[in-house]
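The residues of the chain are indexed from 1 along the displayed sequence.
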Amino acid sequence: MRDQVFLLPPDMREWLSEDHLVWFVLEIVDQLDRSALHAWHPHLGAGRAAYDPDMLLALLIYAYCQGVRSSRQIERLCGTDVAFRVLCAQDSPDHTTIARFRAEAGEAFTDLFAQVLMIAAQAGLGRFGTVAIDGTKIAANASVDANRGQEWLARRAVGIVAEAEGRDAVEDAAAAQTGKDDRSDRVGVKVGDRTRRAERIRAAAEEVAAQQHRRARADEEHEEAALARRRRSENGQPVVGRIPNGPHRLAEARAHLAREIAAHQAKLDRYAALIAAGKKPMGRPPVPMDDSTRVQRARRVVGNAEAAAEDSASEDGRRVSSAKRLPNMVANTTDPTSRIMPTRKGYLQGYNAHVAVTGDQLIVAVHLGQSTNDQHCFPPMMRTAQQVAARLHTRTGNACHVIGTVLADAGYDSDANLTVAGPDRLIALGKGRDQTRTAAAEPVHGPPPADASPREANRHRLRTPEGRTLYKRRGATVEPGIGNLKKILDRFLRRGLANATGELHLAATAFNLLKIHRAAQAT
């Protein structure tokens with residue numbers, strides 16, 4: 001019956017079973033170095049005593065382990081859920097305190113993540129024989145519809161300045177009438193923009209300006225490289241690679257055609273000279289100029305370049321109205337550091353998160369970036385995983401804490417990533433089905449040839465039975481890890497790259513603590 005009186009246990013330690021996650025989280029928090037949290041936490045002051053930062057940290061970690069991130073939801077659970085009541089010792093903090101603690105302790109979460117990794121290593125976790133690196137897009141606390149171009153941001157910035165000047169004028173007139181001018185007591189100056197929208201608009205305008213600077217610099221570098229290619233081609237020097245688009249494309253294509261014609265004409269002249277001297281040339285005679293495949297290919301390149309030049313010249317006439325087009329460079333007025341990220345399900349406003357996962361699915365490194373391209377994140381992620389493995393091996397002496405092979409999908413495929421200094425690695429060269437089909441149709445055995453380039457050696461290893469078996473571990477290692485991590489953190493609550501990075505480390509810490517707890521229960 002609901003009105004029946006129960007005799008509850010007088011000891012809170014009897015409210016939950018001994019193997020409950022709450023006790024494990026409290027035990028782990030006691031082992032961590034929390035000096036950074038206590039350094040800034042206000043222990044003294046007027047009013048009620050501050051909440052213990054150890055309790056707030058344990059509360060936040062346990063909430064993330066349960067997939068609960070809303071400070072208001074955590075506050076409600078502290079009054080209704082037994083585990084949360086035990087964590088806060090029935091002294092429930094309000095949501096503002098929880099949110100403020102998460103914001104102020106953001107920088108400390110990175111160090112706590114490293115400390116938990118050390119605890120995991122001492123528990124026997126962390127099989128670094130294979131380390132898989134992959135990325136995933138995580139939504140920011142912002143809407144994709146809040147992106148604005150430079151013109152809109154410039155107009156709003158002017159309006160903000162005019163509004164501030166108008167407010168100052170009104171306050172100055174009021175001060176002149178009363179004869180009192182105490183600017184320090186102006187409430188409007190202190191709390192006039194509680195949403196900080198003006199600050200965010202200014203930050204978005206600065207972000208667009210930074211994008212313009214980076215794009216201008218990239219265009220200059222592209223122009224210099226294209227001009228250098230053109231000059232080498234015009235001087236008769238061979239140039240490797242596809243001719244880049246731009247104003248130098250047609251000139252380089254014509255120089256390439258002239259070089260091919262000259263080279264083939266030299267073959268014809270040499271053959272004719274041998275015949276005129278009464279000698280018998282060796283080999284087949286050169287084909288006529290029009291039948292040369294190299295000359296034909298060079299002429300097609302020139303034709304394509306001419307067509308591209310014509311399209312570029314008439315592009316302004318066919319271009320749609322600028323009012324109907326999305327600006328080339330935009331920034332989000334809610335979270336200016338977030339970016340529009342392409343996904344399989346469309347576009348989202350967020351960040352590109354990268355994780356490095358060991359063979360037993362322990363997250364050993366995380367990185368949050370703004371670029372949609374994954375290639376440049378591979379070297380720092382690999383170095384971080386290597387440094388973590390070295391620290392753990394130094395502490396434990398465990399042979400498993402030495403990186404064997406780093407696995408990555410085709411998103412990280414580049415010559416630079418294949419040749420950068422570091423441990424052994426296997427990087428996919430294309431889609432998984434195509435790679436599997438090629439390995440089954442053209443299998444190879446043994447090590448790659450001694451004179452093989454890094455790309456050729458990587459392709460050779462992916463076609464061997466050993467390489468295929470090793471690369472198959474990538475999906476089974478990192479994909480479940482990312483899936484379980486996004487059960488904890490499917491969307492950032494904090495705004496800004498630095499704040500979101502701290503929240504990602506907190507989520508990864510909760511992920512690893514769950515791994516340690518489950519491993520302890522299994523033994």
Note to self: Please give me the minimum heavy-atom distance between Ala146 and Thr334, naming the atom from each residue.
What the structure shows: CB-OG1, 3.7 Å
Next item on the list: Return the minimal non-hydrogen interatomic distance between Val355 and Val366, and the atom names on each side.
Entry: CG1-CG1, 3.9 Å
Notebook entry, point to check: Centroid-to-centroid, Phe109 to His505, below 6.0 Å?
Noted result: no
Check: Is the shortest side-chain N to carboxylate O distance from Arg437 to Asp434 below 4.0 Å?
Finding: yes
Notebook entry, point to check: Can you tell me how far CD1 of Ile133 sits from CZ of Arg425, rounded to the nearest 0.5 angstrom?
Noted result: 9.5 Å
Notebook entry, point to check: Is there a side chain to side chain donor-acceptor pair (under 3.5 Å) between Gln521 and Arg518 once you walk through the steps?
Noted result: CA-CA 5 Å; Gln521 287 183 319; Arg518 290 165 184 163; over 6 Å; no
Margin query: Less than 4.5 Å apart, side chain to side chain, heavy atoms only: is that true for Pro423 and Thr405?
Written below: no
Next item on the list: Before accepting this row, confirm whether a basic side-chain N of the pair Asp490/Arg69 lies closer than 4.0 Å to the acidic partner's carboxylate O.
Entry: yes
Next item on the list: Can you label the angle between the Phe24 ring and the His517 ring as parallel, tilted or perpendicular, going by 30° and 60°?
Entry: tilted
Next item on the list: For Thr96, enumerate each residue passing the side chain to side chain donor-acceptor pair (under 3.5 Å) test, keeping only those at least two apart in sequence or located in another chain.
Entry: none
Notebook entry, point to check: Can you find a heavy atom in the side chain of Pro53 that is under 4.5 Å from one in the side chain of Arg34?
Noted result: no
Notebook entry, point to check: With a cut-off of 6.0 Å (strictly less than), are more than 12 heavy atoms of other residues, nucleotides or ligands near CZ of Arg72?
Noted result: no
Notebook entry, point to check: Can you tell me how far the OG1 atom of Thr136 sits from the CG atom of Asp134, to the nearest 0.5 Å?
Noted result: 7.5 Å
Item checked: Heavy-atom side-chain contact between Gln370 and Leu497 under 4.5 Å -> yes
Check: How far apart are the C-alpha atoms of Leu77 and Gln66, what are their side-chain angles, what is the distance that settles it, and do they pass the side chain to side chain contact (heavy atoms under 4.5 Å, CB included) test?
Finding: CA-CA 11 Å; Leu77 290 173; Gln66 303 302 313; over 6 Å; no
Margin query: According to side chain to side chain donor-acceptor pair (under 3.5 Å), who are the partners of Ser70, at least two apart in sequence or on a separate chain?
Written below: none
Notebook entry, point to check: Is there side-chain contact between Pro379 and Asn417, with at least one heavy-atom pair below 4.5 Å?
Noted result: yes
Note to self: Just verifying a value: how many Å separate Asn398 CG and Arg127 CZ, rounded to the nearest 0.5 Å?
What the structure shows: 10.5 Å
Notebook entry, point to check: About how many Å separate CD of Glu27 and CD1 of Ile516, when rounded to the nearest 0.5 Å?
Noted result: 10.5 Å
Item checked: Leu485 side chain near Ile363 side chain, heavy-atom distance below 4.5 Å -> yes
Notebook entry, point to check: What are the two closest non-hydrogen atoms of Ala510 and Tyr64, and how far apart are they?
Noted result: CB-CB, 3.9 Å
Notebook entry, point to check: How many angstroms lie between NE2 in His95 and CZ in Arg100, if you round to the nearest 0.5 Å?
Noted result: 9.5 Å
Checklist line | Where Leu87 and Met55 come nearest, the two heavy atoms and their spacing | finding: O-CG, 3.3 Å
Item checked: Atom of Leu56, atom of Pro93 and distance for their closest heavy-atom approach -> CD2-CG, 4.0 Å
Next item on the list: Begin from the C-alpha positions of Leu429 and Leu462 and carry the test side chain to side chain contact (heavy atoms under 4.5 Å, CB included) through to its verdict.
Entry: CA-CA 9 Å; Leu429 301 176; Leu462 289 171; 4.1 Å; yes
Next item on the list: Tell me, yes or no, whether the heavy-atom count around Glu18 atom CD, taken from other residues, nucleotides or ligands under 6.0 Å, exceeds 12.
Entry: no
Margin query: Applying side chain to side chain contact (heavy atoms under 4.5 Å, CB included) to Leu514 and Leu21, what does each step give before you reach the verdict?
Written below: CA-CA 8 Å; Leu514 285 172; Leu21 180 60; 3.7 Å; yes
Check: Would Thr372 and Ile340 satisfy side chain to side chain contact (heavy atoms under 4.5 Å, CB included), going step by step from the backbone distance to the final call?
Finding: CA-CA 9 Å; Thr372 59; Ile340 300 176; over 6 Å; no
Next item on the list: Could you note down all residue pairs passing side chain to side chain donor-acceptor pair (under 3.5 Å) where residues 344-366 supplies at least one of them, sequence neighbours left out?
Entry: Asn147-Gln349, Asp335-Tyr351, Thr337-Tyr351, Ser338-Gln349, Asn352-His354, Asn352-Asp374, His354-Tyr412, Thr358-Asp360, Gln361-Lys515
Check: Is there a donor-acceptor pair under 3.5 Å between the side chain of Arg495 and the backbone N or O of Phe492?
Finding: no
Margin query: Does any part of the side chain of His401, heavy atoms only, come nearer than 4.5 Å to the side chain of Arg395, both counted from C-beta?
Written below: no
Check: Without hydrogens or angle criteria, can the side chains of Gln386 and Arg383 be said to hold a donor-acceptor pair below 3.5 Å?
Finding: no
Checklist line | Atom pair CH2/CD1 of Trp23 and Ile28 - distance to nearest 0.5 Å | finding: 15.0 Å
Next item on the list: Keeping the roles fixed (side chain from Thr80, backbone from Arg76), state whether a donor-acceptor pair exists under 3.5 Å.
Entry: yes
Margin query: Treating Arg85 as the side-chain partner and Cys78 as the backbone partner, does any N or O pair qualify as donor plus acceptor under 3.5 Å?
Written below: no
Check: Given side chains that start at C-beta, do those of Phe84 and Glu75 come closer than 4.5 Å, heavy atoms only?
Finding: no
Check: Counting heavy atoms not belonging to Glu107, are there more than 12 under 6.0 Å from its CD?
Finding: no
Notebook entry, point to check: So do Tyr62 and Leu57 actually touch side chain to side chain, heavy atoms under 4.5 Å?
Noted result: no
Next item on the list: Work out which heavy atom in Ala139 is nearest to a heavy atom in Leu348; give both atom names and the distance.
Entry: CA-CD1, 3.9 Å
Item checked: Main-chain N/O of Val68 paired with Gln73 side-chain donor or acceptor, under 3.5 Å -> no
Next item on the list: Give a yes-or-no answer on whether the side chains of Glu503 and Asn499 include a donor-acceptor pair shorter than 3.5 Å.
Entry: no
